[in-house]
Amino acid sequence: MDLLKRKIETEGRVLSNQVLKVDTFLNHQIDPELMVEIGKEFAQRFKDDKITKVLTIESSGIAPGLMAALELHVPVVFARKRKSLTMVNDLLTASVHSFTKNETNEISVSQKFIEPTDNVLIIDDFLANGQAALGLAEIVEKSGANTAGIGIVIEKSFQDGGQLLRNKGFKVESLAQIASLENGKATFLDEAEV
Ligand code: G4P
Ligand code: NA
Ligand code: NA
């Protein structure tokens with residue numbers, strides 16, 4: 001997705017060979033017009049997959065997840081990282097280990113929001129090691145529903161997550177794939193010199 005890649009080039013800050021900061025449009029401040037375009041792109045890529053629900057995870061998955069759901073005309077549900085006061089019964093949960101933060105969190109979704117008949121599109125902002133997406137897919141499986149695909153805004157293709165998810169047979173669509181963050185610069189997979 002060209003618009004997104006140009007945004008990463010102009011506003012992204014490479015913090016290390018592993019980490020890209022995009023807080024001006026995705027992770028802190030959010031660019032609504034870019035989010036609309038991101039939603040349209042996800043809807044286009046999953047238009048034949050009979051999606052009935054979008055599942056994402058708080059907090060940074062919510063904006064792109066909402067816009068994808070708007071374009072697909074389905075509801076969006078977000079997994080919580082902390083249990084809410086009112087969310088006590090019939091929870092579907094999964095443990096998600098973050099290699100980046102070296103911590104494991106239990107994520108949860110109310111069972112009533114994912115039906116066994118649902119065909120779910122999982123959306124997240126970043127794909128690094130794939131643990132968040134796997135946790136969401138585990139929740140979908142526990143609900144008896146089907147994971148129809150996984151949509152990612154920014155995939156760091158030099159980390160393991162993309163391959164892990166594709167090897168499991170998931171349809172993974174990433175709107176920007178970063179091959180490298182070396183030399184202080186984001187190099188995209190389809191624009192890398194060969
Ligand atoms: P994984 O799910 O792919 O295994 O990822 P990991 O545990 O490494 O990611 C932990 C958190 O860091 C996630 O956000 C993820 O989106 C984010 N993250 C991973 N790599 C990058 C990166 O290069 N740049 C940025 N900006 N974020 C990255 P989170 O803690 O769940 O936060 P949020 O959703 O509330 O923003
Ligand atoms: Na994030
Ligand atoms: Na995220």
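As the structure lists them, so they are numbered: ligands from 1, and atoms in each ligand from 1.
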Options Asp125, Thr56, Leu134, ranked by nearest heavy atom to atom 16 (O) of ligand 1, top entry
Asp125
Best match, Ala128, Gly162, Ser98, Ser59: closest heavy atom to atom 5 (O) of ligand 1
Ala128
Does any N or O of ligand 1 fall below 3.5 Å from an N or O anywhere on [X], backbone included?
| X | answer |
| --- | --- |
| Ala133 | no |
| His97 | no |
| Gly130 | yes |

Does Leu15 belong to the same Ile/Leu/Val/Met/Phe/Trp/Tyr cluster as Phe25, with side-chain heavy atoms less than 4.5 Å apart forming each link?
no
same_hphob_cluster(Val22, Ile62) at 4.5 Å side-chain heavy-atom cutoff:
no
Looking at Asp125, which of its N, O or S atoms is the nearest one to the Na ion (ligand 3)?
OD1
Quick check: of its N, O or S atoms, which one does Asp124 have closest to the Na ion (ligand 3)?
OD1
Please classify the Lys101 to ligand 1 contact at 4.0 Å (heavy-atom distances, strictly less than): side chain, backbone, both or neither.
side chain
Under-4.0 Å heavy-atom contact with ligand 1, by part of Asn129 that carries it:
both
Atom pair [atom1] ([X]) and [atom2] ([Y]), whose distance is rounded to the nearest 0.5 Å:
| X | Y | atom1 | atom2 | answer |
| --- | --- | --- | --- | --- |
| Gln177 | Ser157 | CD | OG | 4.5 Å |
| Met1 | Ile154 | CE | CD1 | 11.0 Å |
| Ile178 | Lys5 | CD1 | NZ | 10.5 Å |
| Lys53 | Ile51 | NZ | CD1 | 12.5 Å |

Give the atom numbers and elements of ligand 1 that come within less than 4.0 Å of a heavy atom of [X].
| X | answer |
| --- | --- |
| Ala132 | 2 (O) |
| Ser60 | 33 (P), 34 (O), 35 (O), 36 (O) |
| Gln18 | 23 (O) |
| Lys156 | 19 (C), 20 (N), 21 (C), 22 (C), 23 (O) |
| Glu58 | 34 (O) |
| Thr100 | 6 (P), 8 (O), 9 (O) |
| Lys81 | 29 (P), 30 (O), 31 (O), 32 (O), 33 (P), 34 (O), 35 (O) |

For the CD atom on Gln163, are there more than 12 heavy atoms of other groups (residues, nucleotides or ligands in this structure) within a distance under 6.0 Å?
no
Compute the minimum heavy-atom distance from Gly61 to ligand 1 and say whether it is under 4.0 Å.
no
Decide whether the shortest distance between a heavy atom of Gln159 and an atom of ligand 1 is less than 4.0 Å.
no
Asn119 and side chain to side chain donor-acceptor pair (under 3.5 Å): which partner among Thr52, Asp49, Asn146, Thr147?
Asn146
Under the side chain to side chain donor-acceptor pair (under 3.5 Å) test against Ser60, which residue among Asp124, Asn27, Asp23 passes?
Asn27
Which word best sums up how the rings of Phe42 and Phe46 line up, parallel for under 30°, tilted for 30 to 60°, or perpendicular for over 60°?
tilted
Given Ile139, Leu136, Val109, the one that forms side-chain contact (heavy atoms from CB on, under 4.5 Å) with Ile57
Leu136
